[in-house]
Amino acid sequence: MAYEAAERVHCLIIGSGPAGYTAAIYASRANLKPVLYQGIQPGGQLTITTEVENYPGYPTGIQGPDMMIDFEKQAIRMGADIRFGLATKVDFSKRPYRVEIDEEKWIEAESVIICTGASAKWLGLESEQRLNGFGVSACAVCDGFFFKGKEVAIVGAGDTACEEALYLSKLCSTVHMFVRRGEMRASKVMQDRVLKASNIVVYWNTEPLEVIGGQKVEAVRVHNKQKDKEEIIPISAFFVAIGHQPNSDIFKGWIDMDEQGYIKTISGTAKTNLEGVFAAGDVQDKNYRQAVTAAGSGCMAALDAERYLSALESI
Ligand SMILES: Cc1cc2nc3c(=O)[nH]c(=O)nc-3n(C[C@H](O)[C@H](O)[C@H](O)COP(=O)(O)OP(=O)(O)OC[C@H]3O[C@@H](n4cnc5c(N)ncnc54)[C@H](O)[C@@H]3O)c2cc1C
């Protein structure tokens, strides 16, 4: 691959969500002089939410964007070099590894920490986007608590949708679950649990057409394909559980991933199959997808990078 390397760094961090900034804090304090590229969403997914109540250390909760400004400030105070820019290509064929930024310049890095996150898939309804953060959510564990004792809806038919429906059923009075087809993709055991739950109502062959509400979610309008009938169901929240897309395209072919594109890490570490390349946060975690777990794995990645670089220096 022809390129002109502009700069060489010890530790390059790609992504500025909880994983990236935490990695930057730890890497700075270990004197790795990390350079972090923020990508097109500085602060990551939490910048598109409102209240975060489950991140330890904020006893009265905090707005997601404010929390990520705190993360950034802390990383800067520790000495991290935070830059606006997007990693557009990588060449991991040999060390130092090379990462192209904004299709313009190449950076050489002794170690790379990938924290590019994952993006929730949405139905694509205008009303869904307008009410996002005001009752529309892609994360039951994050936002279910705000709707304790209320009627809510969820759309999806996979294992995650079933898991989230069951989670909500323990908090909410009724969970209306919309399944596009006459069957679910979820495993039999998950389907059985959903169908047995007394307060989950499954609507087969049913698609949401519109989330109704001015300032917050008030109802959902759905269409039953089999009966060709529309119905309006009053709800307080609308959860979308149709999957996530890990932001890992540029690393395809260079490091091991599962069939959905989640980066594989060696259990109990942030190491990928390539020495010196680490991954943290949602890009390698389809199970938990929480800010605190992303931050925890960012810490692991920085410590793994520090140990890797120390071992290299001692050779
Ligand atoms: C609406 C919403 C509400 C949520 N609420 C909560 C909550 O209350 N509590 C909770 O614990 N969790 C919550 N979550 C989940 C939480 O936001 C994620 O688990 C967490 O942000 C994952 O952190 P991350 O660092 O892995 O990645 P992300 O936050 O996804 O950040 C990814 C970063 O990578 C950058 N990036 C991507 N590609 C590139 C590239 N090519 N080059 C450079 N940078 C790149 C992006 O710009 C971004 O900065 C919520 C999520 C959503 C969507």
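Residue numbers start at 1 and run along the sequence shown. In each ligand, atom 1 is the first atom listed, and ligand 1 is the first ligand listed.
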K.L.:
Relative to atom 16 (C) of ligand 1, which among Ala291, Gly117, Pro56, Gly17 owns the nearest non-hydrogen atom?
P.N.:
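Ranked by closest heavy atom to atom 16 (C) of ligand 1, first place is Ala291.
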
K.L.:
Which atoms of ligand 1 sit under 4.0 Å from any heavy atom of Gly39?
P.N.:
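Going through ligand 1 atom by atom, the ones under 4.0 Å from Gly39 are 43 (C), 44 (N), 45 (C), 47 (O).
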
K.L.:
Assess whether atom OH of Tyr58 is packed by more than 12 heavy atoms of other residues, nucleotides or ligands within 6.0 Å.
P.N.:
yes

K.L.:
Using a 4.5 Å cut-off on heavy atoms from C-beta on, say whether the side chain of Ser16 contacts that of Gln41.
P.N.:
no

K.L.:
Suppose I only count heavy atoms of Cys115 and a 4.0 Å limit; which atoms of ligand 1 are within that range?
P.N.:
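Those of ligand 1 that fall under 4.0 Å from Cys115 are 32 (C), 33 (C), 34 (O).
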
K.L.:
Once you restrict to heavy atoms under 4.0 Å, what part of Asn54 touches ligand 1? Side chain, backbone, both or neither.
P.N.:
side chain

K.L.:
Indicate the ring-plane relationship of His176 and Tyr203, choosing parallel, tilted or perpendicular according to the 30° and 60° boundaries.
P.N.:
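His176 and Tyr203: tilted rings.
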
K.L.:
I need the nearest protein heavy-atom contact for atom 42 (N) of ligand 1: residue, atom name and distance, please.
P.N.:
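For atom 42 (N) of ligand 1, the nearest protein heavy atom is Ala87 N, 2.9 Å.
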
K.L.:
Salt bridge check, Arg289 against Asp285: does any charged N sit closer than 4.0 Å to a carboxylate O?
P.N.:
no

K.L.:
Charged N to carboxylate O below 4.0 Å: is that the case for Arg193 and Glu163?
P.N.:
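No, no charged N to carboxylate O under 4.0 Å.
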
K.L.:
Leu46 heavy atoms, cut-off 4.0 Å: which ligand 1 atoms fall inside?
P.N.:
4 (C), 5 (N), 6 (C), 13 (C), 14 (N), 17 (O), 50 (C)

K.L.:
Indicate, with yes or no, if the rings of Tyr167 and Phe239 have centres closer together than 6.0 Å.
P.N.:
no

K.L.:
Given that the side chain starts at C-beta and the backbone is N, CA, C, O, which of these parts of Ile40 lies under 4.0 Å from ligand 1, counting heavy atoms, or is it both or neither?
P.N.:
backbone

K.L.:
Among all protein heavy atoms in this structure, tell me which lies nearest to atom 18 (C) of ligand 1, with the distance rounded to 0.1 Å.
P.N.:
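The closest one turns out to be Asp282 OD2, 3.4 Å.
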
K.L.:
Has ligand 1 got any nitrogen or oxygen that is less than 3.5 angstrom from a nitrogen or oxygen of Gln290?
P.N.:
yes

K.L.:
Going by the atom numbers of ligand 1, which of them fall below 4.0 Å from some non-hydrogen atom of Leu86?
P.N.:
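Heavy-atom distances to Leu86 below 4.0 Å select 39 (C), 40 (C), 41 (N), 42 (N).
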
K.L.:
Around atom 31 (O) of ligand 1, find the nearest protein heavy atom and jot down its residue, atom name and distance.
P.N.:
Gly44 CA, 3.4 Å

K.L.:
Closest by any non-hydrogen atom to atom 6 (C) of ligand 1: pick that one out of Cys139, Cys142, Ser297.
P.N.:
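When every heavy atom of Cys139, Cys142, Ser297 is considered, Cys142 comes closest to atom 6 (C) of ligand 1.
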
K.L.:
Between the candidates Gln45, Gln284, Met67, Gln38, which shows the shortest non-hydrogen contact distance to atom 29 (O) of ligand 1?
P.N.:
Gln45

K.L.:
Is it true that, when you exclude Arg130 itself, more than 12 heavy atoms of the residues, nucleotides or ligands shown sit nearer than 6.0 Å to its CZ?
P.N.:
yes

K.L.:
For atom 1 (C) of ligand 1, what's the nearest protein heavy atom and its distance?
P.N.:
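Looking only at protein heavy atoms, the one closest to atom 1 (C) of ligand 1 is Thr49 CB, 3.9 Å.
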
K.L.:
Counting neighbours of CD on Gln215 that are heavy atoms of other residues, nucleotides or ligands and sit closer than 6.0 Å, is the number greater than 12?
P.N.:
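At most 12 heavy atoms, drawn from other residues, nucleotides or ligands, come within 6.0 Å of this atom.
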
K.L.:
Are Arg83 and Ile101 close enough, and set up right, to give a side-chain contact (heavy atoms from CB on, under 4.5 Å), and what steps lead you there?
P.N.:
CA-CA 11 Å; Arg83 304 178 184 174; Ile101 305 296; over 6 Å; no

K.L.:
Does Glu53 approach ligand 1 within less than 4.0 angstrom via side chain, backbone, both or neither, non-hydrogen atoms only?
P.N.:
neither

K.L.:
Would Ser119 and Gln245 count as a side chain to side chain donor-acceptor pair (under 3.5 Å) here? Give the steps.
P.N.:
CA-CA 5 Å; Ser119 310; Gln245 182 64 45; over 6 Å; no

K.L.:
List ligand 1 atoms under 4.0 Å from Arg289, heavy atoms only on the residue side.
P.N.:
15 (C), 19 (O)

K.L.:
For ligand 1, find out whether one of its N or O atoms is nearer than 3.5 Å to an N or O atom of Ser16.
P.N.:
yes

K.L.:
Below 4.0 angstrom from a heavy atom of Gln41, which ligand 1 atoms are there? Numbered from 1 as shown, please.
P.N.:
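Taking each heavy atom of Gln41 in turn, ligand 1 has 46 (C), 47 (O), 48 (C), 49 (O) under 4.0 Å.
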
K.L.:
Would you mind listing which atoms of ligand 1 come within a distance below 4.0 Å of any non-hydrogen atom of Gly281?
P.N.:
26 (O)

K.L.:
Looking at Gly15, which atoms of ligand 1 are within less than 4.0 Å of one of its heavy atoms?
P.N.:
33 (C), 34 (O), 35 (C), 44 (N)

K.L.:
Would you mind checking if Asp256 and Lys264 are paired as a salt bridge, meaning a charged N to carboxylate O distance below 4.0 Å?
P.N.:
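Result for this pair is no, no salt bridge flagged.
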
